[in-house]
**Student:** 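Take this structure, written in structure tokens, and hold onto it; I'll ask about it next.
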Amino acid sequence: MSNLLHGKTALILGVANKWSLAYAIGRSFAREGANLVITYQGERQKLTVDELAAELSPTARAIQCDVTKPEELAALVDALQPGPLHAVVHSIAFANREDLSRPFSETSRDGFLLALEVSAYSLVAVSKAMAPLMTAGGSIVTLTYLGAVRVIPNYNIMGVAKAALEASVRYLANDLGPANIRVNAISAGPVKTASARGIKDFSKVLDGVAAHAPLRRNTDPAEVADTAVFLASELGRGVTGNVVYVDAGFQIMGL
Ligand code: NAD
């Protein structure tokens, strides 16, 4: 492609390993000439993510940021000073494994709050922290899933969290629009990643999509990543508050 993000600085939150959607997005952003800062959750991921950053580009930086720790978010803002920051990709979610296998009605209060904090509130916290650095306007993109609007077996509390995330996208888009900051979500089809493996019977979801999606196949992470490039680039300048489905068309199907 053609340097769609040349001269832009992009922050990508949520790289755990080479299968992470955040890493696929990093590869597409690097290809398009972005200056990259990627984040990982904790010390355990540091070595892997340092190596992945070096593979993305010689100038890419990897910084630790657990989004439930305000001091780590503040340190991330400091590391990005003086800006400007042009793009933020939020690719973070978490729910307790037991809440992704037992009936939804058995979700615990703690499990509910944890999933909502990490998977939805964190977008609000990150947007509030990063918007002041986005002095030339910009784009915030998060990752969501069909389970926000339909019942997907075992997705449970994560579906509720994604519904809150998608509503947050709309409210943030309205708040930040006057600063020319656009906020959108990509609803990705199922992809085998570390998080996805935590969902009971996830391989059945993959099989169902391959059998019934209009394109009769699953989603390639690079397709999600290239849509993130579109949203972060000038090409996406008129798009905000949206959920863009990159799912081989699966969401249009009734049966
Ligand atoms: P992943 O496990 O590679 O990424 C999830 C990331 O969230 C990890 O890097 C993890 O460390 C991070 N994270 C969890 N808690 C955190 C915290 N407290 N602070 C900071 N980071 C934290 O899996 P993925 O599938 O690439 O997930 C990325 C995003 O894509 C998630 O929002 C997920 O819900 C979404 N998504 C995934 C799929 C799929 O099928 N894989 C489909 C649609 C949407």
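These numbers were taken from a predicted model, which means no experiment stands behind them. Counting convention: from 1, in listed order, for ligands and their atoms alike.
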**Student:** Please assess Tyr40 against Lys46 for the test side-chain contact (heavy atoms from CB on, under 4.5 Å), listing each intermediate value before the final yes or no.
**Tutor:** CA-CA 7 Å; Tyr40 54 92; Lys46 179 177 170 30; 3.4 Å; yes
**Student:** Decide side-chain contact (heavy atoms from CB on, under 4.5 Å) for Val149 and Glu166; before the verdict, give the C-alpha distance in whole Å, the side-chain angles of both, and the deciding distance to 0.1 Å.
**Tutor:** CA-CA 10 Å; Val149 290; Glu166 292 183 10; 4.0 Å; yes
**Student:** Say whether Thr59 and Ser57, considering side chains only, have a donor N or O and an acceptor N or O under 3.5 Å apart.
**Tutor:** yes
**Student:** Return the option from Ala148, Gly147, Ala24, Ser91 holding the heavy atom at the smallest distance from atom 28 (C) of ligand 1.
**Tutor:** Ser91
**Student:** Under 3.5 Å between some N or O of ligand 1 and some N or O of Gly14?
**Tutor:** yes
**Student:** May I ask you to decide whether Glu234 forms a salt bridge with Lys8, counting only side-chain N to carboxylate O separations under 4.0 Å?
**Tutor:** yes
**Student:** Using a distance-only test with no angle check, is there a side-chain donor-acceptor pair under 3.5 angstrom linking Asp99 and Thr107?
**Tutor:** no
**Student:** Below the 3.5 angstrom mark, is there an N/O of Val67, backbone or side chain, next to an N/O of ligand 1?
**Tutor:** yes
**Student:** For atom 18 (N) of ligand 1, what's the nearest protein heavy atom and its distance?
**Tutor:** Asp66 OD1, 2.9 Å
**Student:** Going through the checks in order, is the side-chain contact (heavy atoms from CB on, under 4.5 Å) test met by Lys192 and Trp19?
**Tutor:** CA-CA 8 Å; Lys192 212 181 273 180; Trp19 295 282; over 6 Å; no
**Student:** Could an N or O of ligand 1 be found under 3.5 Å from any N or O of Thr193, whether backbone or side chain?
**Tutor:** yes
**Student:** Which residue supplies the protein heavy atom nearest to atom 3 (O) of ligand 1, what is that atom called, and how far is it?
**Tutor:** Ser20 OG, 2.6 Å
**Student:** Mind checking whether Val15 contacts ligand 1 via backbone (N, CA, C, O), side chain (CB onward), both or neither, at a 4.0 Å heavy-atom cut-off?
**Tutor:** backbone
**Student:** Would you check the N or O atoms of Leu21, main chain and side chain alike, for any that come under 3.5 Å of an N or O of ligand 1?
**Tutor:** yes
**Student:** Looking at Arg109, I'd like to know if its CZ atom is crowded, meaning that more than 12 non-hydrogen atoms belonging to other residues, nucleotides or ligands lie closer than 6.0 Å.
**Tutor:** no
**Student:** Using heavy-atom distances only, which candidate in Ser187, Ser195, Ala95 approaches atom 2 (O) of ligand 1 most closely?
**Tutor:** Ser195
**Student:** Can you check side-chain contact (heavy atoms from CB on, under 4.5 Å) on Phe230 and Val244, steps first, answer last?
**Tutor:** CA-CA 11 Å; Phe230 159 72; Val244 181; 5.7 Å; no
**Student:** Backbone, side chain, both or neither: what part of Val118 comes under 4.0 angstrom of ligand 1, heavy atoms only?
**Tutor:** side chain
**Student:** Could you name the option among Lys162, Gln64, Gln41, Met158 that has the heavy atom nearest to atom 33 (C) of ligand 1?
**Tutor:** Lys162
**Student:** Distance under 4.0 Å to a non-hydrogen atom of Leu143: what atoms of ligand 1 satisfy this?
**Tutor:** 29 (C), 30 (O), 32 (O), 35 (C)
**Student:** Is there a nitrogen or oxygen of Thr68 sitting under 3.5 Å from a nitrogen or oxygen of ligand 1?
**Tutor:** no
**Student:** Answer with yes or no whether Pro221 contacts ligand 1, where contact means a heavy atom under 4.0 Å from a ligand atom.
**Tutor:** no
**Student:** So does Arg217 have more than 12 non-hydrogen atoms from other groups sitting under 6.0 Å from CZ?
**Tutor:** yes
**Student:** So, 4.0 Å and heavy atoms of Ser119: is ligand 1 close enough to count as a contact?
**Tutor:** no
**Student:** Backbone or side chain, does any N or O of Gln45 fall under 3.5 Å from an N or O of ligand 1?
**Tutor:** yes
**Student:** Work out whether the distance between some heavy atom of Lys192 and some atom of ligand 1 is less than 4.0 Å.
**Tutor:** no
**Student:** With heavy atoms under 4.0 Å as the rule, classify the contact between Thr144 and ligand 1 as side chain, backbone, both or neither.
**Tutor:** backbone
**Student:** Quick one: do Asp226 and Arg31 make a salt bridge, cutoff under 4.0 Å?
**Tutor:** yes
